Asker: 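One structure coming up, written as structure tokens, with questions to follow.
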Amino acid sequence: MLVPASLDELLASVAADTRADLIAGGTDLMVEVNFGRRSPESVISVALVPELKSWYRSGDEVILNAALTYSEMMRPPLCELLPALAQAARTVGSPQIRNAGTIGGNLATASPAGDTLPVLAALEATVVLESAEGGRAVPVGEFIVSVKRTSLAPGEIIRSVRVPARRAAQEFLKVGTRNAMVIAVCSVALVADAERREVHLGLGSVGPVPLRAPRAEELATSLFDWDEGVPRASEKELARLAELASEAARPIDDHRSTARYRRHAVGVCARRAFERARLPDATGRRSVTP
Amino acid sequence: MASSVTLLGHAVERSEDPPLLTGSARFVADLDRPGMLHAVFVRSQVAHGLLRSVEVAEAAAMPGVVAVFTASDLPLADLPEWPRGEPPRAELGRPCLARERVRFVGEAVAVVVGSTLSAAVDAAEAVTVDIEPLPTVLDPLDALAERAPLLFPEHGSNEVLRQLTGAAGALDGSEVVVRGHFYNQRVAPCPLEPNGAAAWPAAGGRLDCFASTQAPFRLRAAIALALGRPEETVRVVAPAVGGGFGAKGGVYPEQLVTAALAERLGQPVRFVETRSENMLAMCHGRGQVQEVALGARRDGTIVGLEATMVTEMGAYCWRGPVPFSTSRIMATGPYRIPKLSLTSIGAVTNTTPIGPYRGAGRPEATAMLERMIELLAAELDLDSVEVRRRNLLAPSEFPYAAPSGASYDSGDYSAALAKALALLGYEQVRAEQADRRQSSCATELGVGIATFVEISGSGSEYGAVRVEPGGSVVVLTGSSPHGQGLATTLTQIAAGMLKVPISTVSVVHSDTALVPRGVGTFGSRSGQLAGNAVAHAVEEVLEKARELAAVELEADPDDVVQLEDGSFAVAGVPSISLGLAELARRAGGPIGAEWDFAQESGTYPFGTHIAVVEVDTETGKVELRRLVAVDDCGRVVNPKIVAGQVHGGVAQGIAQALFEAVRYDESGNPLTTNLADYAFPSAAEMPAFELGETETPSPRNPLGMKGIGESGAVGAAAAVQNAVVDALSPYGVLHLDMPADPERVWRAVHEGRRDGQDPFSSSS
């Protein structure tokens, strides 16, 4: 196991051993190892690379470095900038897991149940990759290609994630078998972007990759009162929104749930996320009444 | 300090907590010895098959590997069924290491001993087990079907237990009959500390064994038997034990193998399960299919109960007979059910063996009855509270001979029901429910009641008390407390009766070298059995002290009294008194006594639990809003300890009702082998419990105590299940099996059925 102390050192190590597994918090990798599903020949830790820690604002973007932990996502002021991400982070594991697990790890594992992934999809995040040769930026929808598969090339690492920091309403909802430490049966992230006047929906655990729901988004965008910053929809329109979100899902049956329930529940979550959405005013305060 | 007489009934702080909270308690995994070897088991990955060969050569040659054993290299007697069958049925024995056939995923096939744990883990993966798969049978009803694959061909059937109670015709004379088909699902006990054992040869040829067990004396007997040694040459110690819940009350193959390895290799050997291993190898609980009919008159008076209870045994008829027989004994619960016709069946399947788990048959019987009461109330359009009131046994009916043969000691069931309803504010909750239903709120409110009685404290237990000349008091108990707070309880009893400060009392337990005999802690027995044994021993000590004082004070023993400060004096002359320690000094040694307290027929704790749930009908998510538990466990020595037991039991009952279920795929591969997939709840799922109590002493022991270890799990599960069904009643749902997870609830909302059967029951 190598423990590089700088980004350059990390990139050199990864270039020298392209088959090595990268470990950050180990909350996914070690589960695989402990269950004997994976026996890494070599492991490179990103835990001590200072360049991968923390986050910062850059213009109208927030740069989330790859080793940003779930606990850090929950703390102000980041949780105020990206409330849906904070809500998603809150539902991950236990405090110990949230102190260890990272956004880069969640992306690299690319599990259909990855909790931050629908949020990143709804935010239209960009994943910044880096290798000894240089860097490239990939939209999150292209980064995750299928179940637990990404477009990360040999020698490449996840450097950071770029997300917009515009005035927006954000919601995250998750259905699982218990309140804490639960793997999602389905989840929904909603971003109502006040500047672009668009509603985006990210659906989790209802397909091989985090999904968007374009038709539902279109309807939600048209139903949102962008001046007042609140949703305006009839019961019938809300039902249609739920239906369109359900139609966008591509779920499977597994031991946690049936596809049928997932498809239904993701629609309910999408509708509720929309009903709850409130744009913050200039001071960041959200209006209470629709 | 407060007057010591008032110690009984006081919430004395638990002496057990500081070592646990500060991390100084030592569990099996913390025990170390020079040269400690590590045992890792190779387990079957096939649910049913013929064991063709076990290739160990490669593993044995790996670095750090000391030895690898299979059944043929380490012959040990099979584990018998418990309680022992009469006559014993050798063909149903459970091997310590599988021979010829494997019967569940997780069954130990071989054991690797390494000088390090990692060497043993690696080598265990190098053992090649060749199994010819056989057809599997997982559902107990399938197992009983004709032409089902047989786990024990020489037995000729997967039916390993059958008992008839009562006579046919229990429903004769009924004006109305309601029927139900229920599945009380299989759950995993999940103690935070999994199973583990360590053993090493000690001085004088003794074998010292440390195990995470609830019953050291039982384990000692089993080890002695397995190794063909006299019991005196085996010492069993239970160090700190991180939860047992009944699952650690029996003897496991892995414990016997660990002891055998230490003896064979002449070195210390330790074995500690991983969590995933624990989910396979530790017994599961519950797992009962119930086909029930309840007959009544139109006014709600019950006429009779007809039922078939099929209890899963898992792969072996090993400890499953405990829930099998307890659910039979408690089949008519707290109700006046004049006629019973009960068929109890035990069936083996290719799954982890079933054993006792908090409640062990009591929750199954309670859930069955409480669902039937609700179905009857719905059929008659009566409030189920009214149906309960009409059928609950009255205080004047005790002792009560139940149709199952149980003899209930004492009770005031209606008082507990009334108290729980008052604590809840039943009418207000029903009013809110009606309000919500009128306003077609997507979140429905449900109220569920469970009135129950259970059985506790059978058998006997050892206790001893010794007052040392130095003033310290040593209490010995044959019970094996592991978190319940029994040491504190016994301290209170001894200190209170001796009238000495609590700080002078120490309790010795869980070590067969320090305690002459005993049974253990399970079946809600220890408070009452160990407590009364100690109380009786204290009385003898006081009698001896009085006689000694009489000699010293030159008085008649009848004239000697114990003063409030614990010393002895001649009545009317309190100025000249002798304390217990002084008397021991003058007697030249400790004043002691021992007693085995026996209580053959047990005691019957009871109560009423009420749950209020909110059900999100769009997602199916159930939120438990309130849980009121009124328990009656007779006389209470320490209310804080009683409340702690209720809390733990209630949490596990809620867990079964809403979250937990052990699942297998169709080939018998377990799907819930970690706590991510097995929905073990956390504090975040629990409301603050609202507790109340009534106190009806038991006439069956001098202290008037009954058990409280299991009541929480007995009542709460049924109350929560009833609450969920109640919330869904506007959707035509009359029954829903547990757990009420979001998908099951959502489907019920959409597909509600009116025939008292779970809409998704696999065996419908």
Side-chain angles (χ1 to χ4, degrees), chain A residues 27-28 30-37 39 90-97 101 111 113 115 173-188 205 235 238-239 242-243 245-246 251 253-273 275, chain B residues 40 43 45 118 121-122 124-126 274-277 279 440 442-443 616-624 654-655 658-666 669-687 739-751 760:
Chain A
T27 57
D28 286 327
M30 292 314 294
V31 172
E32 298 266 297
V33 172
N34 289 340
F35 280 101
R37 294 188 203 120
S39 336
R90 240 173 245 127
T91 72
V92 176
S94 59
Q96 294 91 327
I97 296 286
S111 159
D115 285 302
L173 281 87
K174 174 173 171 178
V175 173
T177 46
R178 60 187 165 202
N179 296 331
M181 297 185 65
V182 62
I183 296 168
V185 161
C186 76
S187 63
V188 168
S205 275
E235 198 42 53
L238 289 171
E243 196 176 285
S246 291
D253 287 334
D254 67 14
H255 64 282
R256 290 193 191 102
S257 181
T258 62
R260 188 175 155 225
Y261 176 73
R262 284 193 160 109
R263 185 174 287 113
H264 163 79
V266 84
V268 174
C269 288
R271 193 194 71 202
R272 289 185 181 176
E275 287 181 283
Chain B
V40 170
R43 299 182 181 279
Q45 298 186 14
S118 47
V121 169
D122 287 346
E125 284 178 12
T274 63
R275 173 59 59 193
S276 292
E277 247 183 325
M279 300 298 278
S440 64
T443 307
D616 180 334
T617 53
E618 291 180 332
T619 63
K621 187 171 165 52
V622 177
E623 197 72 53
L624 179 60
I654 293 167
L658 297 181
F659 306 105
E660 298 183 7
V662 171
R663 297 180 209 275
Y664 290 88
D665 73 9
E666 59 284 356
N669 296 305
L671 298 173
T672 44
T673 57
N674 57 56
L675 299 184
D677 291 329
Y678 186 76
F680 183 73
S682 70
E685 281 76 26
M686 301 293 156
D741 58 47
E743 173 153 14
R744 183 186 288 269
V745 171
W746 173 70
R747 287 176 59 182
V749 168
H750 287 260
E751 306 163 21
F760 329 111

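Numbers restart at 1 for each chain; the letters A, B, ... are given by sequence-line order, proteins then strands. Every value quoted in this text rests on a predicted model; they were computed, and no experiment measured them. Computation of the quantities below employed the complete heavy-atom set of this structure, encompassing side-chain atoms and omitting hydrogens, waters and symmetry-equivalent molecules.
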Asker: Would you say the side-chain atoms of A:T258 pair up with the backbone N or O of A:D253, donor to acceptor, closer than 3.5 Å?
Answerer: no
Asker: Not counting sequence neighbours, which residues clear salt bridge (Lys or Arg N to Asp or Glu O under 4.0 Å) with B:R275? List them please.
Answerer: none
Asker: For the residue pair A:H264 and B:H750, does the interplanar ring angle fall in the parallel (under 30°), tilted (30 to 60°) or perpendicular (over 60°) class?
Answerer: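 Correct class here is perpendicular.
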Asker: So which of B:A683, B:A679, B:P739, B:S682 has the biggest tally of heavy-atom pairs under 4.5 Å with chain A?
Answerer: B:A679
Asker: What part of A:R271 gets closer than 4.5 Å to chain B, counting heavy atoms only: side chain, backbone, both or neither?
Answerer: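 Side chain of A:R271 only, per the 4.5 Å heavy-atom cut-off to chain B.
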Asker: Would you mind checking which part of B:T619 comes under 4.5 Å of any heavy atom in chain A, side chain (CB onward), backbone (N, CA, C, O), both or neither?
Answerer: both
Asker: With a 3.5 Å distance limit and no angle check, can you tell me whether B:R43 reaches the backbone of B:E277 through a side-chain donor-acceptor pair?
Answerer: no
Asker: If you count heavy-atom pairs under 4.5 Å with chain A, which of B:T274, B:D677, B:L671 comes out on top?
Answerer: B:D677
Asker: Flag the one option from B:T673, B:D616, B:V121, B:D665 with the top tally of heavy-atom pairs under 4.5 Å to chain A.
Answerer: B:D616
Asker: Strictly distance-based, threshold 3.5 Å: is any side-chain N or O of A:R178 a donor or acceptor partner for the main-chain N or O of B:F680?
Answerer: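 Confirmed, A:R178 side chain pairs with B:F680 backbone.
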Asker: Where does B:Y664 contact chain A at under 4.5 Å (heavy atoms): side chain, backbone, both or neither?
Answerer: neither
